[in-house]
Amino acid sequence: MVTDQLDQLRRDAQKGLDSAATTNELSDWHARYLGRKGALTDAMRQLGALSAEERPAFGKAVNALKTELSEAFEARQEIVRGAQLDARLATDAIDVTLPGRPLELGTLHPITQLIREVSSIFAHLGFQTIEGPEVEDAYYAFDALNIPKDHPARDVWDTIFVQSESREIVLRPHTSPMQVRTMERLKPPVRVIVPGRCYRYEALDATHEWHFQQVEGLAVDEHLTMTDLKGTLAEFARQLFGPQRKVRFRCDYFPFVEPGVDFAIDCMVCHGDGCRVCKGTGWIEILGAGMVHPNVLANVGYDPDKYTGWAFGCGFERLAMLKYGITDIRAFYQSDLRFLSQFDRATA
Ligand code: FA5
């Protein structure tokens, strides 16, 4: 009778195990048959009600069934785990034959491209490209450039001040401070260009940004003259804007050069006839330049009787506007991909 009960228990347990298909169902089954309050524990409890002769055989049979069901449980557990893994692999399957999604490549900003082009032109003319600080001491931005405190020309550069009590620190309004820093560091002959960011407290419009990029050019040696300046800038303009470009120099004033000039090229839209781009003049001014002022040479310890030099300063955004026919300078820094992706010829 008791043995019949155990046989029934075995059949029920085996049936339940065969139909357990998930780990949850398996742990329910384990609790029901092998757990502390499970059917086999109940069966063991019946030992007390049996006679002394029946007990050993029944105890042995219960233990054998426990071992048998434990082994069956482990085997079933393996099968269920394997089936679950197969199901997960089937749903997560990657089709390695599908074509990949192409990565969108970034491109260099048009101003960065132009900086590289200008550096390359000047490299072929024997100029080294260097960089300098954007946060600058007013000594380098003004004083050493022959613009002492209270000089009216200081207002021309609408300067953003960072600190002004013990020491005047500014966001550089032009790259000309690098004339002084370079000459302090190097002995003549000097031939450098210095591209970099500049900042001015400006009213913004189609040709004025509060943040823009300039390139400074500086050459110092014995016997340098305006002719060298003129030849270098004409070559630069023709390489950038085409070999047929005419160039024009006119007097201009900058405290750190003497004489000072503005440099223009003939309008590439109307070829000098006069149009909206050149405001009817036939010429487009692209930079300021001149012979380095003797005071600036003296400030860095160069002998102005022995050395002469020339310098120029040019805005990259205005160059790019001319080169690419862009009518509003603000387009460069609005991060509009529709605008920027037009300049995707260089990616490295
Ligand atoms: C200067 O900054 C002088 N340091 C240039 C110079 C260097 C003269 C060496 C002589 C010798 P100016 O303020 O004109 O000059 O600026 C030079 C160029 O910077 C301008 O022709 C223009 O292209 C660009 N620029 C000036 N202000 C702005 C602005 N707000 N937005 C965009 N470009 C500007």
Side-chain angles (χ1 to χ4, degrees), residues 110-111 114-115 118 122 127 132 134 136 140-147 151 153-160 170-183 190-220 224 226 228-230 232-233 236-237 240-241 248-265 283-297 308-323 326-333:
I111 297 301
L114 193 58
I115 290 175
V118 168
F122 276 99
F127 285 73
E134 292 171 33
E136 185 55 284
Y140 289 103
F142 298 119
D143 302 70
L145 287 170
N146 206 28
I147 318 173
H151 190 294
R154 214 144 156 154
D155 295 341
V156 173
W157 286 273
D158 308 280
T159 310
I160 298 172
V170 301
L171 292 185
R172 69 176 172 195
H174 55 171
T175 42
S176 296
M178 278 305 287
Q179 288 184 31
V180 183
R181 286 188 179 274
T182 306
M183 289 190 283
V190 172
R191 272 179 188 73
V192 293
I193 63 160
V194 193
R197 297 174 192 282
C198 302
Y199 305 84
R200 291 187 194 178
Y201 185 67
E202 288 272 21
L204 306 189
D205 61 25
T207 53
H208 291 83
E209 261 287 2
W210 67 274
H211 148 260
F212 54 96
Q213 306 221 36
Q214 281 189 344
V215 57
E216 194 78 9
L218 174 71
V220 188
L224 277 188
M226 280 288 271
D228 302 299
L229 170 64
K230 198 172 168 188
T232 307
L233 290 183
F236 161 60
L240 199 60
F241 291 106
R248 183 192 73 181
F249 284 78
R250 284 197 317 191
C251 284
D252 201 350
Y253 172 72
F254 299 94
F256 35 92
V257 286
E258 181 56 38
V261 292
D262 80 51
F263 174 69
I265 55 175
W283 295 97
I284 298 174
E285 286 166 25
I286 61 169
L287 56 85
M291 300 303 293
V292 179
H293 198 290
N295 289 354
V296 177
L297 294 174
T308 51
W310 51 257
F312 68 85
C314 178
F316 274 113
E317 290 77 8
R318 302 245 183 106
L319 279 189
M321 288 170 80
L322 290 173
K323 196 168 160 61
I326 294 158
T327 50
D328 195 321
I329 196 170
R330 289 165 288 197
F332 287 112
Y333 299 114

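Numbering of ligands and ligand atoms starts at 1, following listing order. What you see below is based on every heavy atom in this structure, not just the backbone, and it leaves out hydrogens, waters and symmetry mates.
Counting atoms of ligand 1 from 1 in the listed order, those under 4.0 Å from a heavy atom of Ile329 are 32 (C). Within ligand 1, counting atoms from 1 as listed, the ones closer than 4.0 Å to a heavy atom of Ala311 are 9 (C), 11 (C). Listed by number with element, the atoms of ligand 1 under 4.0 angstrom from any heavy atom of Gln179 are 9 (C). The Thr207 neighbourhood of ligand 1 comprises atoms 31 (N), 32 (C), with distances under 4.0 Å to a heavy atom of that residue. Near Gly288, the atoms of ligand 1 lying under 4.0 angstrom from a non-hydrogen atom of the residue are 6 (C), 8 (C), 10 (C). If you number the atoms of ligand 1 from 1 as listed, the ones under 4.0 Å from a heavy atom of Val257 come out as 11 (C). Each of the following atoms of ligand 1 lies closer than 4.0 Å to a heavy atom of His208: 30 (N), 31 (N). With ligand atoms numbered from 1 in the order given, ligand 1 contributes 4 (N), 7 (C) to contacts under 4.0 Å with heavy atoms of Ser176.
A distance of 12.0 Å separates CZ in Phe212 from CZ in Phe316, rounded to the nearest 0.5 Å. To the nearest 0.5 angstrom, Met183 atom CE is 11.0 Å from Met178 atom CE. The NE2 atom of His151 sits 6.5 Å away from the CG atom of Asn146 when rounded to the nearest 0.5 Å.
With atom 12 (P) of ligand 1 as the reference point, the heavy atom nearest to it among Glu202, Arg200, Glu216 is part of Arg200. Among Phe256, Phe254, Trp310, the residue whose heavy atom lies nearest to atom 11 (C) of ligand 1 is Phe256.
Of all protein heavy atoms, the one closest to atom 22 (C) of ligand 1 is Arg318 NH1, 3.3 Å. The protein atom (non-hydrogen) at minimum distance from atom 5 (C) of ligand 1 is Gly313 CA, 3.8 Å. Distance from atom 31 (N) of ligand 1 to its nearest protein heavy atom, with residue and atom name: Glu209 N, 3.1 Å. Distance from atom 25 (N) of ligand 1 to its nearest protein heavy atom, with residue and atom name: Phe212 CE1, 3.6 Å. Shortest contact from atom 24 (C) of ligand 1 to any protein heavy atom: Gly315 CA, 3.7 Å.
Listed for the Glu216 side chain is a donor-acceptor partner under 3.5 Å among the backbone atoms of Ser176. Proximity of a side-chain donor or acceptor of Arg200 to a complementary backbone N or O of Pro173 within less than 3.5 Å is detected. The backbone N or O of Arg172 sits nowhere less than 3.5 Å from a side-chain atom of Glu136 that would complete a donor-acceptor pair.
Polar contact check, His174 against ligand 1: a nitrogen or oxygen pair lies under 3.5 Å apart. In terms of N/O distances under 3.5 Å, ligand 1 is not approached by Cys314.
Between Phe122 and Arg191, every side-chain heavy-atom pair lies at or beyond the 4.5 Å cut-off.
In this structure, Tyr201 places its OH atom where only 12 or fewer heavy-atom neighbours from other residues, nucleotides or ligands lie under 6.0 Å away.
Annotation: His174 is not in aromatic contact with Phe254 [ring centroid separation under 6.0 Å not met]. The distance between the ring centers of His293 and Phe256 does not fall below 6.0 angstrom. You'll find the ring centres of Phe312 and Phe127 outside the 6.0 Å limit.
For the pair Arg181 and Tyr140, the cation sits on the ring face: its NZ or CZ lies under 6.0 Å from the ring centre, inside 45° of the axis.
Contact annotation: Trp157 has at least one heavy atom less than 4.0 Å from an atom of ligand 1. Ligand 1 has at least one atom lying under 4.0 Å from a heavy atom of Ala289. Contact annotation: Glu317 has no heavy atom less than 4.0 Å from any atom of ligand 1. Within the 4.0 Å heavy-atom shell around ligand 1 one does not find Leu319.
A salt bridge is defined here as a Lys NZ or Arg NE, NH1 or NH2 lying under 4.0 Å from an Asp or Glu carboxylate O, and Arg318 with Glu285 fails to meet this definition.
The proximity of Gln214 to ligand 1, defined as any non-hydrogen pair under 4.0 Å, is limited to the side chain.
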